[in-house]
Amino acid sequence: MQWSAGSPRYWHEFVNHEVCVTTADQQRFEGRVFTVDPVSASVVLLSVQESERPSVRVILGHAVTDVQILRRGTEETERQMKSVLLPDRAQSLSAEELKSRRESVRLWLEQNRVPVTEDGEVLRVANALTISAPYRPGDCSSANEIILSRVQSLVESRPGAEAPP
């Protein structure tokens with residue numbers, strides 16, 4: 001199967017595993033798959049060498065011809081990747097604290113007449129914006145700058161919201 005014709009479910013099988021990605025021009029890239037963009041099929045590889053700084057490489061989906069798993073990932077490798085790429089505060093919150101914060105933000109948006117739904121661990125606002133953990137203003141994402149700005153302001157004004165780091 002051609003890589004870019006795959007589905008997000010198929011690509012997710014590669015997340016956290018050490019892989020070798022081959023491109024159309026026969027270049028090979030090795031690293032751990034942090035994520036695969038569900039729109040472009042681009043692969044985000046993380047390489048962590050003990051003596052060097054971690055490096056992140058994005059291989060554009062249209063150029064990928066083959067992905068081979070070299071070594072399966074473990075919980076330890078997943079934790080290591082997250083410690084390199086995610087803010088410390090997102091990791092320091094327990095699952096219960098994240099759930100409580102997600103619920104608090106959802107209720108605050110509903111009280112302000114903003115249509116919001118939960119999609120797993122992501123909050124979706126009117127199918128135009130998402131809020132990911134840990135549910136702070138900077139965790140909002142939208143292509144619509146006006147909606148983004150207004151929802152970020154609302155999240156920031158939420159009672160009990162902590163000050164940004």
Side-chain angles (χ1 to χ4, degrees), residues 3-17 19 21 31-48 54-62 64 67 72-165:
W3 177 260
S4 58
S7 68
R9 180 171 283 151
Y10 171 73
W11 298 321
H12 186 72
E13 294 174 18
F14 293 89
V15 171
N16 189 35
H17 299 309
V19 300
V21 177
R32 292 211 174 270
V33 177
F34 183 70
T35 191
V36 179
D37 178 62
V39 175
S40 68
S42 296
V43 182
V44 178
L45 288 182
L46 175 67
S47 298
V48 180
S55 68
V56 176
R57 175 172 275 135
V58 177
I59 297 109
L60 300 179
H62 71 274
V64 175
V67 179
R72 299 243 172 234
T74 63
E75 285 184 24
E76 174 62 24
T77 58
E78 183 176 10
R79 187 196 57 72
Q80 182 184 28
M81 278 198 309
K82 287 181 177 179
S83 73
V84 170
L85 294 173
L86 297 177
D88 290 337
R89 292 191 48 195
Q91 298 173 49
S92 65
L93 297 174
S94 70
E96 193 58 40
E97 289 169 319
L98 286 173
K99 182 180 178 184
S100 172
R101 186 177 293 182
R102 181 176 63 243
E103 181 71 8
S104 172
V105 170
R106 184 183 62 76
L107 289 172
W108 178 246
L109 292 172
E110 286 175 349
Q111 287 172 8
N112 285 276
R113 308 277 190 252
V114 176
V116 61
T117 58
E118 286 190 45
D119 185 4
E121 295 185 3
V122 174
L123 294 175
R124 294 196 181 281
V125 176
N127 288 326
L129 177 138
T130 59
I131 309 173
S132 303
Y135 312 102
R136 298 174 307 200
D139 303 312
C140 298
S141 177
S142 176
N144 185 318
E145 292 293 323
I146 295 169
I147 292 174
L148 178 63
S149 173
R150 290 190 179 160
V151 172
Q152 283 178 320
S153 294
L154 255 178
V155 172
E156 196 167 32
S157 69
R158 177 177 60 93
E162 67 285 338

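A heavy-atom distance below 4.5 Å is not found between the side chains of Leu60 and Ser40. No side-chain heavy atom of Pro8 sits less than 4.5 Å from a side-chain heavy atom of Val36.
Put simply, the side chain of Ser149 never gets that close to the backbone of Glu145: no donor and acceptor are under 3.5 Å apart. Remark: the backbone N or O of Ser42 is not paired with any side-chain donor or acceptor of Asp37 at under 3.5 angstrom. The main-chain N or O of Gly61 is never found under 3.5 Å from a side-chain atom of Ser4 such that the two would form a donor-acceptor pair. Judged by distance alone, the side chain of Thr77 and the main-chain N or O of Thr74 form a donor-acceptor pair under 3.5 Å.
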request  = Mind running side-chain contact (heavy atoms from CB on, under 4.5 Å) on Leu109 and Ile131 for me, showing each step along the way?
outcome  = CA-CA 11 Å; Leu109 292 172; Ile131 309 173; 3.9 Å; yes

inquiry  = Working note: Glu103 + Tyr135, criterion side-chain contact (heavy atoms from CB on, under 4.5 Å); need CA distance, chi angles, decisive distance, verdict.
reply    = CA-CA 10 Å; Glu103 181 71 8; Tyr135 312 102; over 6 Å; no

request  = Would you check, one step at a time, whether the test side-chain contact (heavy atoms from CB on, under 4.5 Å) holds for Arg101 with Arg158?
outcome  = CA-CA 11 Å; Arg101 186 177 293 182; Arg158 177 177 60 93; 4.0 Å; yes

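Here the shortest heavy-atom pairing between Val155 and Cys140 reads CG2-SG, 4.3 Å.
One finds no salt bridge joining Glu96 and Lys99 here, because no Lys/Arg side-chain nitrogen approaches an Asp/Glu carboxylate oxygen to under 4.0 Å.
Using the six-membered ring where Trp is involved, Trp11 and Trp3 have ring planes that are tilted, between 30° and 60° apart.
Considering Thr130, Asp119, Thr117 as possible partners of Arg124, the one that fulfils the side chain to side chain donor-acceptor pair (under 3.5 Å) test is Asp119.
Atom CZ of Arg106 is surrounded by more than 12 heavy atoms from other residues, nucleotides or ligands within 6.0 Å.
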